Each structure stands twice: as structure tokens, then as C-alpha cells.
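This is a predicted model, so every value here is computed, not measured. By convention in this document, chain letters (A, B, ...) are assigned in the order of the sequence lines, proteins followed by strands, and residues within each chain are numbered from 1. All heavy atoms count here, side chains included; hydrogens, waters and symmetry mates do not.
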Amino acid sequence: MIQLIILPILQIVVIAGLSPLIKGFINNIEARFQCRKGSSLFQPYYNLAKLFRKDAVISETASWIFIATPYVTFVSILIIALLVPVLSSTVPANFTGDVILVIYLFALGRFFLALSSLDTGSAFGGMGGSREMTISSMAEPAMMLSVFNVAIINGSTNLSNITQAMLSYKLLSPSLFLSLAALAIVIIAEAGRIPVDNPFTHLELTMIHEGMILEFSGRYLALIEWASCMKLLILLTILVNTFLPWGIASGLTFPGLIVSFFLYIVKIGFFAFLIAIVESSFAKVRLFRIPNLLGTSFVLAVLAIITHYIVS
Amino acid sequence: MKQHIIVNSQTIDVLAVMMLIATILHISTGRLTTCVWAYAIRSFILACASGIIAYLSGIYHIFITTGITLVIKVVIIPWFLFYIIKKVGIKKEVESFLSFTLSLLCSCGVILVAYYATEPIIQFESTLMKHCLPISIAITLVGFFTMITRKKAITQILGLLAMEDGLFFAALSTSYGMPLIVELGVFFDILVSVIIMGIYVYRIKETFESIDIGFLKELRE
Amino acid sequence: MLISIFLFIPLITAVACVLIKKHNVSKYISVAGSFALLLYNIYLGYTIYLNRSLTELNGFFYVDALSLLTAQIVSVVGFAAALYSIGYMDAELHAAEFPEKRLRWYYFLFHMFIFTMLAVCVANNLGIMWVAIEATTLSTTFLVGFYNKKPHQEAAWKYIIICTVGITLALFGVILTYHSSKNVVGEIGYALNWTDLLAVADRFEPHLMKLAFLFIIIGYGTKAGLAPMHTWLPDAHSQAPSPISALFSGVLLNCSLYGIIRFHVISSKCLGPNYSCTLLMAFGLTSVIVSIPFILVQRDYKRLFAFSSIEHIGFIALGLGFGGMYSIYGAELHTFNHAVAKSLLFFCGGNLFLKYKTREMESIKGIIRTMPVTGVILIIAVFAITGIPPFNIFVSEFIVLADAFSSGSAFVLIFTSLLIVFLVLIFVGYINNIFKMIFSEPAETVVQGEVSKFTIAAMCFLLIFVLIISFYVPPIMRVILSQISDIIRNA
Amino acid sequence: MIEHLFVLSITLFALGALFALCFYKWQMLGNYLSFILAAIASCVNIAIAISVLFNHTAERFNFLLYHAIITYSFLIDSLSAIFILAISVISLIASVYSLGYTKLYVNKRDMRFFGFHFNLFLLAMILVVTANNALVFMIVWELMTIVSFFLVIFEYENPFHRKAGFVYLFMSYICAVFISVAFFIMFSYVKTWTFDFDSFRYAGDIMPAISKNIVFFLVLIGFGIKAGIFPLHLWLPLAHPAAPSNVSMVMSGVMIKTAIYGFIRFYFEFLTPSPPWWGIIILIIGASSAILGILYALLEKDIKTLLAYSSVENIGIILIGIGLSMIFKSYNLMALSSLAMIAGLYHVLNHAVFKSLLFGCAGNIYYSTHTKNIEQLGGLIKRLQVTAPLFLVAVLSISAIPPLNGFVSEWLIFQSLLNGFTIPSVIVKVLTAICGATVALTGALVATCFVKAFGISFLAMPRSEYAQHAREVPVIMYVSMGLLAGLCIFMGLFPVKIMTTINHVNTELLGVNIAHTITSYDWLQTKTLQTNFSEISLKSVTVFGLMFFAITVGAITLINPGFTKKIYKTWTCGISPEPRFGYTATAFSKPFRIIFSNLYRPRREIETTYTVPKYFVKSIVYIAEITPIFEKYFYAPLSRYVLSISNKVRWIHTGSVHIYLVYIFITLIISMLVIGW
């Protein structure tokens, strides 16, 4: 019974609490690659705190959708945090949903964001919304397919079941490896990182996600920013805990969780570092080149499934 | 009432060929009046044949047919046609879509077809009048052919009459005439139809100022 | 006396019409006469229903289910046309399209036409039947050319020439049949009675019978509108006054087809059904094919309806040619359905002509608004004629096609499949042409409202038949249809 | 009892139809009467459906009218019942909605035939799914087509509507022909002259494979036209927008589902057992319809055309479910077959609900703005304050956003697809996976499409006078829509009830009961929806969501209790904002037009006019359009070809009597030669 209450709370705390840190970490690493000292690791926390305390300016064209969006986005991400195995492979709330629900909850947040981008009547918002929807349309099939491969191999779409089943693998099979690669590409696109989107810019030609949230301010902006941090972390968590779940606790034992927590930090840190490397070594690609990139991911995922079927 | 009467007469065959010749005369002549005369002659031959058959077979109601043929086909209809020609004031030349030679060749072909189609039938024919059926078909078809190639309305009537002669001859020579009431009905119909056609020839002349029915081409797709 | 009275009714009406000078009286006499005929026909139908067949005057008249159906069609459509004529002819008279005295002759010829068609149905003697069919041509020539203007004369001339030629060929067929029977019946056949011939038809000379049926189908086929002998049909139908076109399309074609069927029965008995069925199918399919381009691309709505008649006659011929019990049942039902629906269409066409004084479809717009009643009836009629369920023609087509598919012959199957493709094309043509007239913005100048109450009454009368047969076939009719099926299949 | 109810509902519909016709002077009164009667009749039908579904009885009625050959026989089994349920619910709501919507036409046009056709249309749909006789089926099927045709061309002055109607009628006729031929072929093996469906039910066993395959394709094309699968969808995006919204609601919501009913009847009852490749073909067609449908919807600016294309997409998804069910069945995986069928039928119900809601809301928009072009709308959320959230629910639902109903069926489809790995054939396995990706892509595109539809029409500033002066619609219209929105939420949150209901259908249809795998499972008073592959509980998702929302709001308020919002103009680089600055629908979907340019073959023209000095642009005309490839490369050449052939053939009627005689002569000669030979 304690398990049922503590573990979900723990998951949410870890995801919500760590996510700004990951963002700070990536920013810091990138700064170092650029021979800058970089901001503090905790800068995102300060930003959030500042934004939460501020008042907000709202466009007079905007409707209630605009105000609802930050909450919808944030809450949907929080629900996802419940569905993903973070520290323990048994997710108590896993009856609530599976990986398909996770993907569609992401869609819920995105849907509202795109709506609110149109709500203010500014051209930037619409452009951001349009691009975001375009990219996610391309990314979604690839993501689904790579997740499907894992699901089919393990006989379940439930993330907790998948993690548990994956624990028995010592080495990734070629099929899984292909899926991993496909998912990694998708994650970059979904999280809005270079080379798909540049999270640091507010230049109209390049911005996607930032374009959508251009009109938000104050606590609304804070919620959205935080949600996007959490989204990145959750995506990485899915990647880590479905493909490389080694060391994850399978029950709710205190030492197990501690070990699992540190391993988790290390694994996430590794992937965050990789993202930083990628972001530092690539330029953002043109918008209409992105389908090629995501197409690659899609092909990898298809290959993964075919290899699985043919080999097994 | 099974009563086999067999009329075997070479004369009928000869008359048949004469009728065919009269029909071909239709094709080969260039004058309208000649055509009408040819019709009258052929009808007369038909009446003769009818009389002979009536006599030979002993079916006396055919004599009635003979009489009617003489009255209607040899007298009334030619007279009516001459009347129409005079009344409408048609030029005497026959106009044709095909040249005379070609028409003749075609009618030869048509006669061949008639023989060809009846070949399996006349094999079994026990009488000497083997030519009667093919020739009557040939007359019908040649009459039909005349209707196709000739431009004037009146020549079409003549073609139709030729067809009808062919029929009568077929009925006579093969089955010794149809039941009397039928014959009477047929005669009545032919008479009425010729009269109606005559009236229309007159009307067409009135409205179109020509009886060249090549002009009748308004109604088309 | 039953059948003789039957024939006397239209004859007396015709004479009465021509004797009475006032057309205000004669037009009602005409309707009364045809109504009497209708009632009498129902009585006759009941008698046939009880007795299967009826002979009179020493076998001179013979009525069985097959002739009864055709006679029924004659009387039903005849009554509707007589009723319609009042409205139509009055309107035309009003518009001074022809002198008033000619109207007497119109009614006279109208009833003579009906008389001759009834004579076709009741004649047992095949020669007399021929005479009667030829008489239908003669009695209607003046009706085709009734307006006596250039196109009408042209149509009348084509009509009489082509039909007479065809009928002459048919007479040849009759003679050949007679000839082929002589070995059996004897040299002097005093009678050419169908009933007598049928009894011994299996011993006829087969080669002659083959040739005979060929002449018959081409000959009567000309009159019935089977392609490629159909050419008189669109001209005559489009030039004749609308009630006459309705009679032509609905009844006259069926009468000629009736002639073919009588010989088809004899020929099937003599040669086996294959020969005549194949010919019927070939001509039937040709008719359907030939009608397609003219229905797809057409300017004149009456010609459109006329070509559609060709298609339907082709369909009936196909149905008879398929030869199954139900396909004949369906084909005969189709005969009735087509007669009713097509006459209805021609009546609609007549109303349009009265209103717009044109037969060009392009210049007619927005019927549904200018003439709502005609518009609605036209829509129903078009749906009915194109075989859209739930209307009556769909039912008959469905039965015929279902039977064709279950016949198991590859030949029939190919024919049927082609037929179905053609039906689709015809539908397209119909809808494309007619619905442009019905649904569009009407011209400002056109006055709203219907032209005549009589025409609407006549249309409603036929509409009732269309609708009833769609959902309910009276038991008497079903019995008659299955009797016909038996007659044709020699069962 | 049920028989009486059935007759009662038919009578009510018929009475309603007559009422509408009878009132000439008070046409609206007649129409209201007919709508109310239709609503009552629909309620009766709902009762029938529910009673049949829960008593597991199949009801047969034979009406002994003297038809030429058949008796009018009807059968309500659970498959019919589930379709009756869908149809009647939508009919009920559409009838109520019509009470308000038809005010649009008051005193503007003759309304008598509207109520007449509307009632007959509803009646015909009910009869289609209950007919138990081939001939009766064809009759009511075409009745449905005809009356809906008249509803489509209701505003016949508009040439586009006329064209739409004609195309619809042509396609439907072809559809009827194909179905009839399918019946004929089946009939040729069973040879029961009553044409009863009962005789066809064993047809699959006695028919040879080749005939079965032919029938399969005939049925596929026949019902495919009605369902609107690619490339037979031609009529659908024309007809649905042309019809008045209350009609297109019914047409799109349930009429095209009757085709799905036909598919199921044929493929699961008449033609079983079926080879696996049938299912594969259905699957592929479903997937391609889904993706192509939504790709075309994406670029649409007319909101109703957009919804129509989206119907094509949803039919595709339904067909994926049905195709999978067929595949599983032919491999004898009955439980999975049942699951896939549940997915398909669930989507049928869902689509009925949310598509009707969407069309209803589109109707509301049209009612208040008199335009369907979303480029001219904008800012409606502040003017149509009730319609907007209803539309939003529909939009979320169709985009399969949890926790609404669209997600449930989408999830079930995914689960069935993933279970494809149990099939022995590798090709099918890979195919199911690819289909999974296709559905995912479709889902994402749907979301984009409806973000556009909602965002452009309801958000930002009004782009035209119409939108500026929009007023909320009559109460009855949005109340009825509210019911549908409620259904959307209900069917999302409580799916188990509906799944077990569909399971009854499957128990009868497939002979397998999978009730135990979709068990209910109580925790936090939630019931989960379980299959053998995974489980979800949208109810708990909602509960968690509400919980988190409360916590978030609470926490935020604690942090900054004195929070204020300032209202100010949107920042538009220093100029004061204008409606023209807002993103347009064309612009929103432009990335897709470029990415999928191979499919769309876009054509664009930019025409710039300058003022006298060549530096100042006076105006720019931008025309962008896409090539509908099927229309351009298949239908148009075909019709051109047929017409040109006809035109060429028409010379045979030269008008010359000689030529006519030649025809007879030649026929005679040739026949004589042929016979002699």
C-alpha cells in the first residue's frame, strides 16, 4: 500500500525536481564546448522561481484557451511522469496506461500549445505552431514504430512490463539497437533540440517551440518551461529505462532505490552529455530537411522490426 | 386434314425467273414510267402464276387471289402511281446513289445470298419448283435494294411493292397461298399503305418542293 | 362474344369521335370509351385468370395470359393517353397549332390505333396478326405527321417506309413459317392459327423455321425498335404529339414484341430454345448498346426518351433470350413497368413542351420551380425508368439479371455483365441530361404553374401504377405473369 | 413487442415525412412536426437496439405484402442492433438539432420536401441495417441514396451543389450495381428465389474460390464507394459540404457506416471462410484511405470539405480494424479477431459521435456567419461561446487525445495491430507494424489538421465581416450538440461498457467471447480496459489529471498570491495588430504542401501589381491549389473518353432514310449468311 502511494510521488518528485537540472547541465556543457564558463547548473531553477513570482501580460485577443494551455501542458506531463518507470521497474500506476497513452498525452500538451500559439493572432505564434505540428507529425510514426518494436519483442506496451522484460537482456540485440537509434533521433526532434530546433533562439526564421510560447509570461511561461524540461527528461527516461534498464530496482526496497537512483543519474547524465555534444557539433538543419532526418529514423525503426521478425 | 398436294410445274419456275428479270429491270432502267410498267408486268406474271397454281392444285380460292391481284396490283396501283407522277409532276429520270453497273452487280450478289441462305432448305424440296423460294427471296431483297439506292420517294414505293410481290410469290409457290382472309387483309393493307405513301409523296412535294427524299435529313443526331 | 365486344369498344368510340363534329363532346366520348375498355379489360383479365385461355369464333380469336398482358397495357396506357390528349390537344389547339376540324381525325385515329393494337393481341391467326400490326403502322402515320410541318412529314415518311419494309420482311417470315409447317399440317392450311401450329411445331421443317424466325425478328423487330432496325423510332417519337409518343413507346413496341414472342414460342418448340434465344439476346444487346451514346449525348428530351425505349425493348428481348423461368417472368413484368413508366415520361415531356414550346433540353431550366408537380413526377419517372430501387423497373431488372446470373452459361454471363455496364452508362446519361433541366435556376420570363389539369390527372393515374408495382404486385398479375412464363417456355 | 416497436418507428417516420409534405402554408410547422416525430421514432429505435443488445435475441419480422417475388423480411440481430443504436442516437440528435438549424431557411425556400426526405433518410438507414433480404436490402439501400441525394441538392441553385449531387448519385448507382452483382453471383449458387439473407449465410461454403474472390472485390468496390475509401471517395468531399449541416451530420456520421455494416455482413457472414489476403487488402486499403484522406483534409479551407475528407480517413481506420479482424479470423486467432472487431466497431461508434458533433458545430458556424471558409472566420471563440468548447471537445476527440473517446478506439486499433506479431506470416507481421506507423502518422496529421480547423476559425481576430458579427446560435442547437459532446466524454471515460456490448455482437458474429480479457478491475473506483497486451484506464488518467491540476493551481497561488494579469495588445513588432497578421489556414498547412508535394502536385500563381514607382506593392494575388490526382488522372479522362466515343458514334443517325434502310438490309444479309453457315 505504501508502495502505491510513495513510488508515484517519488517519481514525480524526481522528474519534476531533476528536469531543470538536466537543462542546466546541458547548457553548462555546451557553454564549456564553446569555451565559455556558462551559467550555473541551477540557473533554470532560478529562472522558474523568478517567473513564478512575476505577474503576467496577456494579449487581448487571447481567449481562455491561452490560459488553459500552461496547465494542460504541465498536468499532462505530470501524468506521464506517473506512467514511466523511473527508479523502479514496477510502476504502481501502470494500470492507468501504457506507452501509447504516453505518446498521446504528449500530443495533448502539444495540441493545446499549438492552439494557444494561434490564439494571440501574431504571425510568429502561428508559424511556430505550424512547424511544431509538422515536425511532430513526422516524428510520431518513427517514435511509434521504434516503441512498437520493443513492445512486440517484450509482448507488452506497458512500460513497466517492458522494463522488467528488458532486464533479462544482457546485450542489446541488433533489432533493439536499431530501435534505440531511431528513438534517439526522435527524442531530439520531440524535445526541440538542435539540429531540429534551436531552444536558445528567438529569431523568427529558426524558432519553433519558442515561437509558440512567445506570448506567454509570468507563471504561465514558468509552467510551460518547466513542462518542456520535464518532457526532455521523460523522453530520456523512456530511452534509458526501456533499452538500458540495468540496475533499476524491481521493487520498492530502499537500498535498491538508492542504487537505482545513482545509476539513473549517471545514465541520464550520459545522454544529456551526448545531446550537448550533438548540439555543439551540428548546425540546425533547414526546416524542409527535417523530414529527411526523421525519415531516417523511420527507416531505422522499420528495419528494426523487420530484423526482429526475420531473425526470430 | 392432311392433304398433300404437289404441284410440279416447270412453268412456275420459268415464271419465277421472269419475275426476277422484271425486278432487275427496276434496277437497270433509268425512267420512272418504265419502272411502273415493270411493276405492272411483274404483277401480271404473278397473277398468271397464281392462276396456274390454282388450276393445278385445285385449290379454288386461289382464283380469288388471282382476281384481286389482277385488279389491285395490275390495274389500280400502277394507275395510282401514274396519277401521282402526273399530279406531282415528277421528272421522269430515276436518280440513284449507285451507278447502274454497280447496282446490277450488287443485286447479283443479293441473289446469290438468297440462294446461299435457302440452300439447306431446297435440298429437301421434293418438287421441281426448287427455284421458287430462292427467287422470291431474291425478289424481295432486290426490291429492298432498290429502296436503298433510289433517291425519289416514288421509287421507294416501287421497291416496297417489289418486296411485296416477292412475298406473294413465295406464298403462292411454296404454300399455295395463305388462308383467304389473310390474303384479303394483306391486300387491303398494301392498298392502304400505297395510298398513304402516295398522299405523303404529295405532301412532301408540297412542303419540300421536291420528292427527292435525300432532302429529308432534318431529323438526325 | 367476350373478345368481340372487346374489339368493338374502341371501334365504336372511333366512329363516334369522327361523327360528332363538336370536339368538346368527342373528347369526352374518347375518354369514356377508353375507360370502358379499361374496365372491360379488367373483367376479361379475371376471366383469363379463371380459365387460362379463351377462344372465340372458331378459334379465330384467342386470348391467353400473354395477349392479356399486352391488352392490359394497351388499355391502361390507352386510357391515360386519352385523358392526357384532352389537356394536351386543347392546349395545342389553343395555341393554334392546327385547325380544329383535324382534331376529330385525331381522336378517330387514336382509337383506331388502339383497336388495331387490341386486334394484334387477340388474333389467333398469325396472318391476321400481321395484318393488324401493319394496320397499326397505317393508322398512326397520320398521327406522327399530325402537325403536318416539315419535320413531322419527314418523320412520318421515315416511319411508314421503314416500318412497312420491316413488316413486309415479317410477312415473309410468316409465309416461311407456313411453308415449314406444310409437311405436318397439310398443303392446304386453311388456318394459320397459332394454337394449331404450336401443337405440331416440333415436326416443322427446321431450316425453314430458322430462316422464318430470322425474318420475323428482323421484321417485327423493326416495329419493336430493336437495333439496328430502330432508326424510325426517335424521329417518330419526337415528332408525334406526346400522348401518341406515349402510346408508341409504351404499347406499340410491346405489340410488335408480342408478335416476336409468338413466333419465338413456335421456333423454340421446333428448334429448341437456343436458336431464337440467341437471336433475341444478340438483338437485345445491340439495342442496349446502340442506345447508349444517344442517351449520353442528347439535346432533345423526347429523343432521349425514345432511345431509352430502344434500350428497354432491348432489355426485354435480352430477358426473353436468357430464357429462364424467372427471367421471362421479369421480362414480362418489365414490359408492363416500362410501358407505364415510359408513358409517364412522355407525358412529362408533353407538359414541358406545352410550357416551353421547345424540345431542346438546354433551353429548359428550373422545372422543379416552374412546374412543381410535373417536376416531381418527372424525377420519379426518371428514377423509375433508370431502374433505381425501389421503383418498379428495378424489381423487374433485378429478377431478370438474377436469373441470368444463375443460368450458369458463360455466354449469358458475359452478356449480362456487359448489360450491367451499359445500364450504368445509361443512368449517367439520363441523370446528366434530365436533372440539369429539373434542378437549376429557372428563367425569369417563364410563368409558374401547370398547363392543364387533365394532363396531371393522366400522369397521376400512371404514377399510381408505377408506385404500386414497385412495392406490390397483385396476385392476379403474378398468376398471369407466371402463366406467360409457362407459355413462353412451352411448359 | 419489438416487432410492434419496429412498426411503430417506421410509422412514425412515415407520418413525419407526410406531415412535412402536408403543410403548405405553415411549412415550418410541418417540418417541426416531422423532426419531432423523427426524434420520437429514433428514441423507439434506441429502445429496440438496447433491448436486442441486452437480451441477446435476434428478432425477425416478415411483412407479407405481395411483392413480385419476395416478402419484406427484416432481422435485428446484435450486429444490426449496434448499428441501429449508432444511427438512432445520431438521428435523434440530428432531428433535435434540425429544429434550430432549419430556421436558416425560413421563408427563403420551399421546405416541404426537406422534412419529407429527412425522415425517409433516417428511416431508410434503419431499414438498411435490418433488411434480411437481398432485394429489400437493395431497395432500402437505394432509397437511402435517393433521399440523401435530394438532401444534398437541397440548395440546388448553387451549381456546385448540383454537381455534388450528381456525382453522388452516379457513384451511388455504381455502388448499387456492384452490390447487386455480388448478390447475383452469390444467388447463382444458392438459388433460393426468395433472396433471403438466410440462404446467403451458407453461400461461402458452397461457392468456389474464384467466385468468392469476385464477390469479394465487387463488395469491396460497391460498399467502398459508399464508405468513401480511396480512390472511390470522389463523391464524399463534394456531397457532404453541399448538404445542409444537419444532413451532413447524419450522412457523415452514420450513413457511410452502413457500408461498414455491409462489409461485415458480407465478409463475416456470407463469405466465410475467407483467405488471409482478403484481410490484407482491406488492411492496406484502410491504411491508405486513412493517410490520403487526412492529407487532403489538411489542405482544405472549407470546413465541411475538411470534415468530409476526415471521414475518409476515419473510414480507413475502421477498415484497418475490420481488415485485421479478417486476417486474424482466417488464421483462426479468434480472440484477436474479436479484439480487432471491437476496435473497428468502437471506432464506428466514436466516429459517428464526434463527426456528427463536428458537422453540427460547423453548422453552427455556418448558421451564425454564413460562410464555411475558415480563412474568413477567426475569433469565434468570443462570439460563439458555447459552440467553441463543444467544437474543442470534438476536435480533441477526433485527434484521439486522451481521455476522450477517439483515443480509446485508436488505442484498441494499436493493440490489435501490435498483436499482429502472433500471425505466422512474416509479411503480415511487417505489414501490421507498418500500418501501426501509418495510423500513428495519421493520428499526428489529424491533430495538425484539427489544430488548424479550430485555431484558424475560432481563435485570433475575426478576418471578415461575417465573423465579426457572428452571434450565438439558438439554444436547441448547442444543447443537442452538448449531448454529443457529453457522449464523447462518456465513451472515453467508460469504455468497458461499450466494449462488452460490442463483445456481444462478436459472440454472435465470430462465435468467441472475450469478455474475460476486457474485465473490469476496481481501484480508485476506476475500471480499466484490459486486453491481453496491455491496459489503460482513462478514468484514472482523468482523476490524476484533476488532482494534479488542483495541486498545481494551489501551489502556484501559494507562491504568488497577489498575481495579476494585464491585458494588452499582442506584440506585433510595434505595429498595432490587425487580423491580417494572424496565421492563415493556407500558411498553417504550407509545410505539408511542400513536404508532400509529390502527392499534392501544387500549383501556385503569384500576381503582384505595383503602384507607379516600381517599389511599392499595391496588391498581391496569391492563388495556390492542389491537383486532385484521382479526379485528374482517372475520372476525368474516363468520362472524356466515354463522351468522345459517344459523340463519334452518333453519326450513325444520319437522318437519311436510305442509310437507315441500309442498316436493316445489311443486318438481314449478314444474318442470312451466318445462319446458312
For D/I456, is it the side chain, the backbone, both or neither that has a heavy atom under 4.5 Å from a heavy atom of chain A?
-> both
For A/F52, is it the side chain, the backbone, both, or neither that has a heavy atom closer than 4.5 Å to a heavy atom of chain D?
-> both
Which one, A/K54, A/M138, A/E140, leads in non-hydrogen pairs under 4.5 Å with chain D?
-> A/E140
Heavy-atom distance under 4.5 Å to chain A: side chain of D/S425, backbone, both or neither?
-> neither
Chain D contacts, top residue of A/I100, A/L223, A/V99, A/V72 (heavy-atom pairs, under 4.5 Å) | A/I100
Contact part of D/T584 toward chain A, heavy-atom cut-off under 4.5 Å: side chain, backbone, both or neither?
-> neither
Looking only at atom types and distance, does a side-chain atom of A/D55 sit under 3.5 Å from a main-chain N or O of D/T564, one as donor and one as acceptor?
-> yes
Among A/S136, A/S137, A/P141, which residue meets the side chain to side chain contact (heavy atoms under 4.5 Å, CB included) test with D/L445?
-> A/S137
Within-4.5 Å side-chain heavy-atom neighbours: A/W64 and D/Q385 | no
Do A/E215 and D/W571 come within less than 4.5 Å of each other through their side chains, counting heavy atoms only?
-> yes
Is there a donor-acceptor pair under 3.5 Å between the side chain of A/R219 and the backbone N or O of D/I559?
-> no
Which atom pair, heavy atoms only, marks the closest approach of D/P402 to A/L105?
-> CG-CD2, 3.7 Å
Do D/F454 and A/L118 pass the side-chain contact (heavy atoms from CB on, under 4.5 Å) test, and can you show the C-alpha distance, the side-chain angles, and the key distance before you say yes or no?
-> CA-CA 10 Å; D/F454 185 84; A/L118 288 166; over 6 Å; no
Which region of A/I103, side chain (C-beta onward) or backbone (N, CA, C, O), has a non-hydrogen atom less than 4.5 Å from a non-hydrogen atom of chain D, or is it both or neither?
-> neither
Identify which of A/L101, A/N158, A/I152, A/I305 forms the greatest number of heavy-atom pairs closer than 4.5 Å to chain D.
-> A/L101
Closest heavy-atom pair, D/T552 versus A/F74, reported as atoms and distance to 0.1 Å, is CG2-CD2, 3.5 Å
Residue pair A/F298 / D/L441, side-chain heavy-atom distance below 4.5 Å | no
Once you round to the nearest 0.5 Å, how far does CE of A/M133 lie from OG of D/S589?
-> 12.5 Å
Answer key: most heavy-atom pairs under 4.5 Å with chain A among D/P577, D/A460, D/G582 is D/A460
How would you list, by chain and number, every residue that makes a side chain to side chain donor-acceptor pair (under 3.5 Å) with A/E132, sequence neighbours excluded?
-> none
Please assess D/T448 against A/T134 for the test side-chain contact (heavy atoms from CB on, under 4.5 Å), listing each intermediate value before the final yes or no.
-> CA-CA 7 Å; D/T448 315; A/T134 313; 5.6 Å; no
Between CZ of D/F421 and NE2 of A/H308, what distance do you get to the nearest 0.5 Å?
-> 8.0 Å
Given the rule in the side-chain contact (heavy atoms from CB on, under 4.5 Å) test, do D/F414 and A/F148 qualify, once you have shown the distances and angles that lead to the verdict?
-> CA-CA 9 Å; D/F414 276 125; A/F148 279 178; 3.2 Å; yes
Might you point out which heavy atoms bring D/F548 and A/I12 nearest each other, and give the distance in Å?
-> CZ-CD1, 3.1 Å
Measure across A/S63 and D/L459 and return the closest heavy-atom pair with its distance rounded to 0.1 Å.
-> OG-CD2, 3.8 Å
Closest heavy-atom pair and its distance - A/P291, D/I595 | CG-CD1, 3.6 Å
To the nearest 0.5 Å, what is the distance between CG (A/D119) and CD1 (D/I381)?
-> 6.5 Å
For side-chain contact (heavy atoms from CB on, under 4.5 Å), just list the numbers for A/V57 and D/I567, CA-CA rounded to whole Å, side-chain angles, deciding distance to a tenth of an Å, and then say yes or no.
-> CA-CA 6 Å; A/V57 182; D/I567 310 290; over 6 Å; no
Got a sec: does the CD1 of D/I427 have more than 12 other heavy atoms crowding it under 6.0 Å?
-> no
Using a cut-off of under 4.5 Å on heavy-atom pairs, state which of D/V426, D/V395, D/L418 scores highest against chain A.
-> D/L418
Among the listed options A/L115, A/V302, A/L145, A/L108, the residue most often paired with chain D at heavy-atom distances under 4.5 Å = A/L115
What's the spacing between A/I79 CD1 and D/M547 CE if we round to 0.5 Å?
-> 9.5 Å
Using non-hydrogen atoms only, which part of D/A433 is less than 4.5 Å away from chain A: side chain, backbone, both, or neither?
-> both
Counting heavy-atom pairs under 4.5 Å to chain A, which of D/G436, D/G545, D/G379 comes out on top?
-> D/G545
Does any heavy atom of chain D fall under 4.5 Å from the side chain of A/F66, the backbone, both, or neither of them?
-> neither
Distance-only polar pair, side chains of A/S122 and D/T570, donor-acceptor under 3.5 Å | no
First locate atom OG of A/S59, then atom NZ of D/K566, and finally report the distance between them rounded to the nearest 0.5 Å.
-> 15.0 Å
Based on non-hydrogen pairs under 4.5 Å, which of A/A49, A/S116, A/A142, A/G121 is most in contact with chain D?
-> A/G121
Could you tell me whether the side chains of A/T157 and D/Q415 share a donor-acceptor contact shorter than 3.5 Å?
-> yes
Side-chain donor/acceptor of D/K382 to backbone N/O of A/A62, under 3.5 Å | yes
Does any pair with a residue in residues 99-123 of chain A pass ring-ring contact (aromatic ring centres under 6.0 Å, His included), and if so which ones, sequence neighbours excluded?
-> A/Y104-D/F407
Backbone N/O of D/F588 and side chain of A/S130: donor-acceptor pair under 3.5 Å = yes
